[in-house]
2 protein chains.
Amino acid sequence: MRYYDVLVESALPYQILERIGTLLRAEERRLAALCGLKPAQWSALCYLARCNRYSDTPSAVGEYLGTTKGTTSQTLRRLQEKGLLREVADSHDRRVVHWRLSAAGKKMFRNHGPESAIEPFLQGLSKDRDSRNLLQEILRRLQKANDYRSFGICGSCNHFRRLGGGRFQCGLTGESLRAEEASLLCREHQEPVAT
Amino acid sequence: MRYYDVLVESALPYQILERIGTLLRAEERRLAALCGLKPAQWSALCYLARCNRYSDTPSAVGEYLGTTKGTTSQTLRRLQEKGLLREVADSHDRRVVHWRLSAAGKKMFRNHGPESAIEPFLQGLSKDRDSRNLLQEILRRLQKANDYRSFGICGSCNHFRRLGGGRFQCGLTGESLRAEEASLLCREHQEPVAT
DNA sequence: CTAAAAAGTATCGACTCGAAACCTTCTTAG
DNA sequence: CTAAGAAGGTTTCGAGTCGATACTTTTTAG
């Protein structure tokens, strides 16, 4: 034990997390600027690149990013003006609007996405299950604390059903899912009850 | 191993971190709104409440929060207008301005600070050394990745000296430090070379 | 069928943000 | 010692964020 461990309480976990968050935000700003976007626009683009068809509406984007509907609506409109998104009407509910990445949007995400920029620095950190569990536990607590939706990956959801023959289904909507959809984020995601 | 572990890659550590960051930001927004402040103002106030006298200048605040000098200058001015900060001239360098919390600012931080609001949810998580080390390792990597300063706690710095008789000194500036200053964040903080 | 809820849009005002131009004060090279 | 440059800050500009409010359209509940 070092002398300063006695003298000075070291940083609280919250303080470390908060600092990590600040640095990630700075990194986001950098990536956004690289693409000529504002941070909020960049965040929305990245979310839309990773979410499924139940979760690409203004409401869902706003819920994920923690902004209001109005703000979100404006931001999506800006991305559309830049040709990065396209609007898709909902087939069942005429109030609902879906936002999909355009070809240009997909290209931008592929080239400058955060996975390619930041993930490398975390290599070798997450190999063991304990580390990942710690982060997921922190996430779960923050979500529970404020009653936030989990926005987890479709295939890890309690509603996810495998029908056999490589076919999948969402138990909530009853719709069938393509294999590649199973790895996308979903607004309706529910943690399985027990592991 | 669950079936979806085969089918679906689970979230990358970066993605989990990014989500944690987003939720913390949402929480910050909530706390800021509670105090009638904008998020940027709130962040600056919280930083100034926890940093030492070498780190309370517009440059340092901007460096910590990842914003430019101009933006920071404006934000601090707004906080001053609200009576939460006061300006203090530097005794050695007439270019430099220090910002200290006013009585009202201190009271606001005490009553609504993030420690009191968020730390409770993380209780029981960080007791073991491994967990804390993981978070600190992530932080270190992000800092190194972009050449960011560590903004660590004074007493955990390589420059920190204990003179004996409960007196302390900063090896970089040569100035003596009061005991309570040792637990504040410092812009000049350097990790000790070896543990 | 009617009332309420839900999804989304539009607008307002305060503010953020980065960039650029600028001022003052230190520091350093010669 | 002085000139040049670096460093700390401020101001201003324009685009955009953000929350609040009011509003429309569509769906759902009673």
Side-chain angles (χ1 to χ4, degrees), chain A residues 22 25-45 47 53-82 84-85 87-99 187-188, chain B residues 22 25-45 47 53-82 84-85 87-99 187-188:
Chain A
T22 305
R25 201 180 328 179
E27 189 59 15
E28 263 182 33
R29 246 198 293 265
R30 199 181 62 77
L31 290 174
L34 214 68
C35 297
L37 298 180
K38 298 285 175 176
Q41 299 171 352
W42 176 247
S43 299
L45 185 80
Y47 169 73
R53 56 188 150 121
Y54 304 130
S55 316
D56 56 3
T57 65
S59 295
V61 175
E63 208 169 350
Y64 186 85
L65 298 178
T67 55
T68 59
K69 286 189 306 181
T71 301
T72 310
S73 191
Q74 284 179 81
T75 299
L76 295 177
R77 193 68 59 192
R78 296 278 149 71
L79 285 171
Q80 184 192 34
E81 287 163 8
K82 288 170 191 278
L84 299 169
L85 297 184
E87 211 171 356
V88 177
D90 189 278
S91 48
H92 300 309
D93 188 333
R94 283 199 288 178
R95 293 171 304 180
V96 175
V97 176
H98 297 270
W99 290 97
R187 183 191 198 181
E188 305 291 348
Chain B
T22 305
R25 201 180 327 179
E27 189 59 16
E28 263 182 33
R29 245 198 293 267
R30 199 181 63 76
L31 289 174
L34 214 68
C35 297
L37 298 180
K38 299 285 174 175
Q41 298 170 353
W42 175 247
S43 299
L45 185 80
Y47 170 73
R53 56 187 150 122
Y54 304 131
S55 316
D56 57 2
T57 65
S59 296
V61 176
E63 208 169 351
Y64 186 86
L65 299 179
T67 55
T68 59
K69 286 189 305 179
T71 301
T72 310
S73 191
Q74 286 179 79
T75 300
L76 295 176
R77 194 67 61 191
R78 296 278 148 71
L79 285 170
Q80 183 191 35
E81 287 163 8
K82 289 171 192 277
L84 300 169
L85 298 184
E87 209 170 357
V88 177
D90 189 279
S91 48
H92 300 310
D93 188 332
R94 283 199 287 177
R95 293 171 303 179
V96 175
V97 176
H98 298 269
W99 290 97
R187 181 191 199 181
E188 306 291 348

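Note on naming: letters A, B, ... go to the chains in the order of the sequence lines (proteins, then strands), and numbering restarts at 1 for each one. This is a predicted model, so every value here is computed, not measured.
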query = Could you write nucleotides 17-30 of chain D as a row of B, S and -, 5' to 3', where a protein heavy atom under 4.0 Å of any base atom gives B, of only sugar-phosphate atoms gives S, and otherwise -?
reply = BBB-----BBS---
Spacing between [X] atom [atom1] and [N] atom [atom2], to the nearest angstrom:
X	N	atom1	atom2	value
E63(A)	dA6(C)	CD	C1'	13 Å
H98(B)	dG8(D)	NE2	C1'	11 Å
L76(B)	dT11(D)	CG	C1'	15 Å
L45(B)	dT16(C)	CG	P	13 Å
R30(A)	dA19(C)	CZ	C1'	18 Å
W42(A)	dC17(C)	CH2	P	19 Å
R77(A)	dT11(C)	CZ	P	12 Å
D90(B)	dC26(C)	CG	C1'	12 Å

request  = Give the minimum heavy-atom separation between L79(A) and A44(A), together with the two atoms involved.
outcome  =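 Shortest heavy-atom contact: CD1-CB, 4.0 Å.
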task = Would you indicate what T72(A) reaches in the nucleic acid, counting non-hydrogen atoms under 4.0 angstrom: base, sugar-phosphate, or nothing?
result =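 The residue T72(A) makes no contact with any strand.
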ask   = How about R77(A) and Q80(A): does a side-chain donor come under 3.5 Å of a side-chain acceptor?
value = yes
ask   = For S59(A) and dG8(C), is the shortest distance between a side-chain N/O and OP1 or OP2 below 4.0 Å?
value =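 Answer is yes, contact under 4.0 Å.
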Got [X] and [Y] here, is their nearest side-chain heavy-atom distance under 4.5 Å?
X	Y	answer
Y47(B)	S55(B)	yes
R30(B)	W42(B)	no
K69(A)	P58(A)	no
L37(A)	L31(A)	no

